[in-house]
Structures are given as structure tokens and as C-alpha cells.
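Basis for what follows: all heavy atoms, side chains included, without hydrogens, waters or symmetry-related copies.
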Amino acid sequence: QVQPVESGGGSVQAGGSLRLSCVVSGNTYSRYCMAWFRQAPGKEREGVASRHTGTGNTYISDSVKGRFTISQDNRKNTMYLQMNSLKPEDTAMYYCAARFSFGSSRCRPISTDFSYWGQGTQVTVSS
């Protein structure tokens, strides 16, 4: 059973930082494409970042490029989203998702591609 579990959300002022964590169970961690998505009230889910746990191929969306980074700790089966210079428009529920890579190094945050989702963690940025 693959079950992503997020943590690290909270409330910060604009310009602050947060680090989200996503732990994925299972012994095939090196074969995942993992991604972070966010969804604000009344808006569509947005793919923020993704990373192939085996190759390290990384994608960051233009909306957060230069402010957010994605990284991993293989010893802990954990993916991180470091969020700096946060803005009020970053306020959303953030979700971690995982899928098996099936031998491909391509890894993009396209929500329909992902089978396993966490429950989400709320990020609120005040002005």
C-alpha cells in the first residue's frame, strides 16, 4: 500500500518560509514520481513541483520558480517542498502525490497521472 503523508503546513506572514514533508511507505521509493499540488478555495488544483526519486529529475512550476525547491531524503523515504518568500497567493491546501515511474524518468505534476494522494496540509500566508 502506497500512502503519502504530508506534514509541515501552517500559518506564516508574507515573506516567511515553510517546509512541507511527505513520507511515502513501501520499499520501492526509488521508483516513484512524486509531486506537490495545491488547491485554493474556488480554484483548480495546480501542480507545483515534482521529482523522480530515482533520477532526481525535477520540475518547478513558473508560479513558484525561484521561491520553492523540491528535494528528497532517500533514507527517510521523504520528499520536501521548501517554500521561501511566501506570498498570500500561495495560500492553499497542499497535497503530496505519488505514482510508480514504470521505468520512465519523466515526472511532471499532472494530477490525472497520480494514483496515490495524501490528505493535504494547509498553508496560510497573511499579508
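Pairing each heavy atom of Arg67 with each of Ser85, the nearest pair is NH1-O, 3.0 Å. The nearest pair of heavy atoms linking Tyr94 to Leu20 is CB-CD1, 3.6 Å. Nearest heavy atoms, Arg38 versus Ser63: NH2-OG, 3.7 Å. A pairwise comparison of heavy atoms in Pro109 and Ala49 identifies CB-O, 3.9 Å as the closest pair. Closest of all the heavy-atom pairs between Pro88 and Ser126 is CG-C, 4.5 Å. In terms of heavy-atom proximity, Thr69 sits nearest to Ile60 at CA-CD1, 4.4 Å.
Using a 4.5 Å heavy-atom threshold, the side chains of Asp90 and Met83 count as separate. Counting only heavy atoms from C-beta outward, the side chains of Val24 and Val2 approach each other to under 4.5 Å. Between Phe100 and Ser115, the closest side-chain pair of non-hydrogen atoms is not below 4.5 Å.
Note that CE of Met93 is 8.5 Å distant from OG1 of Thr124, once rounded to the nearest 0.5 Å. With values rounded to the nearest 0.5 angstrom, Thr53 atom OG1 is found 8.5 Å from Asn77 atom CG. In this structure, the separation between CD on Glu89 and OG on Ser127 is 10.0 Å, given to the nearest 0.5 Å. Here the straight-line distance linking atom CD1 of Ile70 with atom CE of Met79 works out to 5.0 Å at 0.5 Å rounding. Interatomic distance, CD of Gln122 versus OG1 of Thr91, reported as 7.0 Å (0.5 Å rounding). Note that the CE atom of Met34 and the SG atom of Cys107 stand 9.0 Å from one another [nearest 0.5 Å].
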Before you tell me yes or no, could you show the steps for Phe37 and Phe114 under ring pair (Phe, Tyr, Trp, His ring centres under 6.0 Å), namely the whole-Å CA-CA distance, both residues' side-chain angles and the distance that decides it to 0.1 Å? CA-CA 11 Å; Phe37 296 84; Phe114 287 80; 5.5 Å; yes
Please list every donor-acceptor pair under 3.5 Å in which a side-chain atom of residues 5-14 meets a protein atom from a residue at least two apart or in another chain.
{"unit_1": "Glu6", "atom_1": "OE1", "unit_2": "Gln119", "atom_2": "N", "d": "3.1"}
{"unit_1": "Glu6", "atom_1": "OE1", "unit_2": "Gly120", "atom_2": "N", "d": "2.9"}
{"unit_1": "Glu6", "atom_1": "OE2", "unit_2": "Cys96", "atom_2": "N", "d": "2.8"}
{"unit_1": "Glu6", "atom_1": "OE2", "unit_2": "Gly120", "atom_2": "N", "d": "3.1"}

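Using a 4.0 Å cut-off between charged nitrogen and carboxylate oxygen, Asp62 and Lys65 count as a salt-bridge pair. Salt bridge status for Arg108 with Asp113: absent, with no side-chain N to carboxylate O gap under 4.0 Å.
The aromatic rings of Tyr95 and Trp117 stand perpendicular to each other, their planes meeting at an angle above 60°, with 30° marking the opposite boundary.
One side chain, Thr58 or Arg51, offers a donor N or O that lies under 3.5 Å from an acceptor on the other.
Residue Tyr32 is grouped with residue Tyr116 when hydrophobic side chains (ILVMFWY) are merged at heavy-atom distances under 4.5 angstrom, including chains of intermediate members.
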